[in-house]
Amino acid sequence: MTADIIDGKAFAATIRDKVTGHVARLKDEHGITPGLAVVLVGEDPASQVYVRSKGKQTVEVGMNSYEHKLDPETSEADLLALIEQLNNDPAVHGILVQLPLPDHLDSDLVINSIDPAKDVDGFHISNVGLLGTGQKSMVPCTPLGCLMMLRDKLGNLSGMDAVVLGRSNIVGKPMAQLLLGDSCTVTIAHSRTKDLPEVVRRADIVVAAVGRPEMVPGDWIKPGATVIDVGINRIERDGKTKLVGDVDFPSVHAVAGAVTPVPGGVGPMTIACLLANTVTACCRANGLAEPEGLTA
Ligand code: GUN
């Protein structure tokens, strides 16, 4: 048996189409254009690429994009003042501060200064608490994208055994909360987990988010399981730079029921979900019905 390959690029395009439709309706029926502000501090090349891509896709779906590129030496006070200004700007429905921030800035303080209703990353402690208690929140984009792909592939996830590899605040922990919300039996595995291959072998759903290239081999995977690979790792092979995930794709593909590729799996879903979250935030801010199929 070989696994179905889940096409994240195509799925992300369907999400963007839905967002485009909602944005057009917000404009036509309510005269509102959703706006997303992205703040980048410094010149990290990978962050610059992400921010450019976010801005481009925001405009493509018909929303307003506000980019704030700040000097690497920007003081915490100046950054907090900008966030306060964006919090109070009615044209801005979503705010994203690109991480990582330079070392002299306190990321927790900065993230928690964003209005939780505009926190389209879902990183503010209020949103973390709301998600953990099953209340309406802004949901982090990468786990939201993974959940959408799992529901699309498997339908109802209730009762399934899910293993999340990795315990980060950005992916692992919120992913586990979302799977729990869909009534999976959830295990969060990490670097200190005992008998990791055995733990992973029990899972109907594996979400790998550890940032270690090709760490999960096919013989850890239960035949027919669905594997979501969040890893984006750059490696050198045969004299070339290559992008690989956290799972060893060829051996996992031979055993699993479905698997996401790298690139072209989870990656494209993250920005699509950021756009979806911005529309959701805009609808909530204006007391309008939330778009269907774009939230958790
Ligand atoms: N850096 C890497 N991924 C992300 C993300 O999802 N949000 C933000 N704000 N920064 C990131």
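What you see is a predicted model, and the numbers here were worked out from it, not measured in a lab. Ligands are counted one by one from 1 in listed order, and the atoms in each one are counted from 1 as well.
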**Message:** Which residue and atom name correspond to the protein heavy atom nearest atom 3 (N) of ligand 1, and how close is it?
**Reply:** Gln98 NE2, 4.7 Å
**Prompt:** Ignoring hydrogens and geometry, is there a side-chain-to-backbone donor-acceptor pair from Asp195 to Glu198 under 3.5 Å?
**Reply:** no
**Item:** Sub-4.0 Å atoms of ligand 1 with respect to non-hydrogen atoms of Leu96
**Value:** 9 (N)
**Salt bridge flag under 4.0 Å for residues Glu290 and Lys136** = yes
**Item:** Sub-4.0 Å atoms of ligand 1 with respect to non-hydrogen atoms of Val97
**Value:** 8 (C), 9 (N)
**Prompt:** Purely on distance, is any nitrogen or oxygen of Asp121 under 3.5 Å from one on ligand 1?
**Reply:** yes
**Message:** Taking the basic N atoms (NZ, or NE/NH1/NH2) and the acidic carboxylate oxygens, is any pair closer than 4.0 Å for Lys56 and Glu60?
**Reply:** yes
**Message:** If we check side-chain hydrogen bond (donor to acceptor under 3.5 Å, both in side chains) with Lys153, which of these qualifies: Asp4, Thr226, Thr260?
**Reply:** Asp4
**Item:** Sole candidate of Lys69, His68, Lys54 that passes side-chain hydrogen bond (donor to acceptor under 3.5 Å, both in side chains) when paired with Gln98
**Value:** Lys54
**Request:** Could you go through the side-chain contact (heavy atoms from CB on, under 4.5 Å) check for His124 and Asn127 one step at a time?
**Result:** CA-CA 5 Å; His124 190 289; Asn127 283 315; 4.1 Å; yes
**Prompt:** Can you check whether Val139's main-chain N or O pairs, donor with acceptor, with Asn277's side chain at less than 3.5 Å?
**Reply:** yes
**Request:** Would you confirm whether any non-hydrogen atom of the protein falls under 4.0 Å from atom 7 (N) of ligand 1?
**Result:** yes
**Fill in**
With heavy atoms and a 4.0 Å threshold, my read on which part of Thr270 contacts ligand 1 is neither
**Message:** For atom 10 (N) of ligand 1, what's the nearest protein heavy-atom neighbour? Residue, atom name and distance, please.
**Reply:** Leu99 N, 3.0 Å
**Prompt:** Should Thr142 be counted as touching ligand 1, given the test is an N or O pair under 3.5 Å?
**Reply:** no
**Prompt:** Just heavy atoms, cut-off under 4.0 Å: does Phe123 contact ligand 1 by side chain, backbone, both, or neither?
**Reply:** side chain
